[in-house]
Asks: 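Before I ask anything, let me first share the structure, which is written out below as structure tokens.
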2 protein chains.
Amino acid sequence: MERRAVKDFGSLPITEFSMVMPDTAARTRIQEKNISAILDAALDVFSGAGFRGATLDQIARAASLSKPNLLYYFKSKEAIHRALLSELLDTWLAPLRTLDSGGEPVDEIVRYVMRKLDMARELPRESRLFANEIVQGAPHIFDIIEGPLTTLVDEKAALIRKWAAEDRIAAVDPYHLIFSIWATTQHYADFDAQVRGILRPERDQHFDDAARFLTHLYRTALTPD
Amino acid sequence: MERRAVKDFGSLPITEFSMVMPDTAARTRIQEKNISAILDAALDVFSGAGFRGATLDQIARAASLSKPNLLYYFKSKEAIHRALLSELLDTWLAPLRTLDSGGEPVDEIVRYVMRKLDMARELPRESRLFANEIVQGAPHIFDIIEGPLTTLVDEKAALIRKWAAEDRIAAVDPYHLIFSIWATTQHYADFDAQVRGILRPERDQHFDDAARFLTHLYRTALTPD
DNA sequence: GAAGAGTTTGACCAATTGGTCAGGATCACG
DNA sequence: CGTGATCCTGACCAATTGGTCAAACTCTTC
């Protein structure tokens, strides 16, 4: 493999590199390791404290790097945050994308709810990262919301509306249905501290109860009469 | 009215005063005015940026006071935050308290949902203040959650369970029912940026659609078969 | 209107924080 | 093993931030 000479490597090297061309194969082993360590550490810190609450020192410590070394890979705190969000966006929206016109509509939606609930259990940091952003007015991701997200939601809302028109599902507002699914499932990640404070559950056992409850909630509300 | 001499007024005057004895009558007109200006400004800033994201300068500017003057009324940033939370706690929990054993259970719960949705519309800052706290692990209010909130929720969960035992309501997990109501209603305040980004609604018209949707959701899911 | 309580401010401070930089260490490769 | 690219660090910096303080101003009350 040819070793590429990177021009103007002095002050903003890998950052733009990793943004413009996230091609994993073009990275050094060391870059590979450190960049993923940084993004993992940043996920920890940003999701727990929000953008402004997070400090570069915290991220550096969590990634076992010095602060200048951190800034060797990403040119600023903002750059880390941006890279993190754009890396996670696809993962985060994947479940909604799989909502498909094939299959029984009610089952299809309940399956979506269950997938979202699984994600709240498996990827709570990711959920809180976005929650922190949005609750503070979505200053860094407003373009994502206005763009790809709105497009995707419009598309799936149309599908749900079609199901309703065909009487295969109760006639409900599709947008508010989607909002309610986001709210009820992500609640278990975003407000975990409250849920655990009130339930004091053993392990993650309360997720099973939540799954049962949400299945009942959406199945009864969506089954056409 | 006797003018009380406040001992040890030098460094921590009104703060402890206002904490220990929130008796409005004992305050000067100036105190009255400034303290409420500060708390209102603090609500703006804390709810929009979280505890750590908020700065004393922002709060001072929003309250039209100098920073040292701010700190004359509250001895620290923490003190402002604490005073704000404790001032709003009752308001915030009031709707759940009114959930009563009199009346038709399903109506009673739907009425609770509507009240919570109204609060999301009328008091979004308050909602976001608590959301910011909890999403970051509830560091400043964990004692409230573990204490009064848990007690209240346990009490209302018992009521809902009783209704279910009497077949006046579908048999659902009362805790997860309450969580889902919090999630679906507060979503419109906490994630307002996202909701507006996707719906681009005129004025607050989408709250009516939300009310219709949530009424359907909970009425169908809770009506016993 | 004097006196003392109550209120306000400018100047200041130490700690934190995002970020820079010159140089040194290390690695890959011919 | 030499050389150039890559990686890493200690020292440093300017801006921000929470908080202090002495002094001055203002309001109330006698």
Side-chain angles (χ1 to χ4, degrees), chain A residues 1-18 26-38 41-42 45-46 49-82 140, chain B residues 1-18 26-38 41-42 45-46 49-82 140:
Chain A
M1 186 184 82
E2 274 282 326
R3 195 71 167 290
R4 293 169 67 248
V6 180
K7 214 171 52 177
D8 191 356
F9 192 72
S11 62
L12 51 150
I14 309 301
T15 301
E16 296 306 326
F17 179 46
S18 85
R27 290 190 195 153
T28 306
R29 282 183 340 221
I30 295 177
Q31 283 172 29
E32 194 67 44
K33 188 186 57 145
N34 283 345
I35 287 178
S36 65
I38 291 170
V45 176
F46 282 132
F51 179 77
R52 211 197 171 247
T55 71
L56 289 179
D57 292 272
Q58 287 170 13
I59 297 172
R61 207 176 324 124
S64 302
L65 295 174
S66 66
K67 190 168 58 167
N69 202 11
L70 233 198
L71 290 163
Y72 169 75
Y73 288 100
F74 292 90
K75 77 162 182 282
S76 69
K77 187 181 173 183
E78 278 256 359
I80 301 176
H81 195 242
R82 256 201 312 276
H140 304 98
Chain B
M1 185 185 85
E2 273 282 325
R3 196 74 167 288
R4 292 171 66 246
V6 180
K7 216 169 52 176
D8 191 356
F9 194 71
S11 62
L12 52 150
I14 309 302
T15 301
E16 297 305 327
F17 180 46
S18 84
R27 291 189 194 153
T28 306
R29 282 182 340 219
I30 296 177
Q31 285 171 26
E32 194 68 43
K33 188 187 56 147
N34 284 343
I35 287 179
S36 65
I38 290 169
V45 177
F46 281 132
F51 179 77
R52 211 194 171 250
T55 71
L56 289 179
D57 292 272
Q58 286 171 12
I59 297 172
R61 208 177 324 124
S64 301
L65 295 173
S66 66
K67 191 168 58 168
N69 203 9
L70 234 199
L71 290 163
Y72 168 75
Y73 289 100
F74 292 91
K75 77 162 182 282
S76 69
K77 187 181 175 185
E78 277 257 358
I80 302 176
H81 195 243
R82 255 201 312 276
H140 303 99

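We name chains A, B, ... by the order of the sequence lines, and we start the count at 1 in each one.
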Asks: Kindly state which residues belonging to residues 51-67 of chain A come within less than 4.0 angstrom of DNA chain D, counting heavy atoms of the residue only, listed by number.
Replies: A:Arg52, A:Ser66
Asks: Using side chain to side chain contact (heavy atoms under 4.5 Å, CB included) as the criterion, list what pairs up with B:Ala41, not counting sequence neighbours.
Replies: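 Counting only residues at least two positions away or on another chain, B:Ala41 forms a side chain to side chain contact (heavy atoms under 4.5 Å, CB included) with B:Ile59, B:Ala62, B:Ala63.
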Asks: Figure out the CG/C1' separation between A:Asn34 and D:dT6, and round it to whole Å.
Replies: 12 Å
Asks: Taking atom C1' of D:dT6 as reference, at what distance in whole Å does atom CD of A:Glu32 sit?
Replies: 15 Å
Asks: Using heavy-atom distances to pick each residue's nearest nucleotide on DNA chain D, tell me which of B:Lys77 and A:Leu70 is more 5'.
Replies: A:Leu70
Asks: Round to the nearest Å and state the distance from B:Phe74 atom CZ to C:dT7 atom P.
Replies: 13 Å
Asks: Side-chain N or O of A:Asn69 versus OP1/OP2 of D:dC7: is the shortest distance under 4.0 Å?
Replies: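 It does not, given that no N or O in the side chain of A:Asn69 lies less than 4.0 Å from OP1 or OP2 of D:dC7.
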Asks: For A:Leu70 versus A:Leu56, what's the shortest heavy-atom pair and its separation?
Replies: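 Shortest heavy-atom separation between A:Leu70 and A:Leu56 comes out as CD1-O, 3.6 Å.
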Asks: Could you tell me the separation between the CD1 atom of B:Ile80 and the P atom of D:dG19, rounded to a whole number of Å?
Replies: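 Nearest whole value for this atom pair: 9 Å.
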Asks: Look at the aromatic rings of B:Phe46 and B:His81 and report parallel, tilted or perpendicular, splitting at 30° and 60°.
Replies: perpendicular
Asks: Enumerate the residue pairs fulfilling salt bridge (Lys or Arg N to Asp or Glu O under 4.0 Å) with a member in residues 55-71 of chain B, sequence neighbours excluded, ordered by first and then second residue.
Replies: B:Asp57-B:Lys67
Asks: Side-chain N or O of B:Tyr72 less than 4.0 angstrom from OP1 or OP2 on C:dT7?
Replies: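 Affirmative; the distance criterion is met.
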Asks: Which heavy-atom pair separates B:Ala54 from B:Ala49 by the least distance, and what is that distance?
Replies: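 Minimum heavy-atom separation between B:Ala54 and B:Ala49: N-CB, 3.9 Å.
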Asks: Tell me whether the side-chain N/O atoms of B:Thr28 come closer than 4.0 Å to OP1 or OP2 in C:dT7.
Replies: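 Yes, within the criterion.
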Asks: By side chain to side chain contact (heavy atoms under 4.5 Å, CB included), which residues pair with A:Ser36, not counting sequence neighbours?
Replies: none
Asks: Are A:Arg29 and D:dT6 close enough that a side-chain N or O sits under 4.0 Å from OP1 or OP2?
Replies: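 Answer is no, no contact under 4.0 Å.
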Asks: OP1, OP2 of C:dT7 versus side-chain N and O of B:Gln31: anything below 4.0 Å?
Replies: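 Checking C:dT7 against B:Gln31, a side-chain N or O does come within under 4.0 Å of OP1 or OP2.
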Asks: If each of B:Pro68 and B:Ile30 is mapped to the nucleotide of DNA chain C with the nearest heavy atom, which maps nearer the 5' terminus, i.e. the 5' end?
Replies: B:Ile30
Asks: Rounding to an integer number of Å, can you tell me how far A:Lys33 NZ sits from D:dC8 C1'?
Replies: 12 Å
Asks: OP1 or OP2 of D:dC8 less than 4.0 angstrom from a side-chain nitrogen or oxygen of A:Tyr73, does that happen here?
Replies: yes
Asks: Distance check, rounded to the nearest 0.5 Å: B:Asn34 atom CG versus B:Tyr73 atom OH?
Replies: 4.0 Å
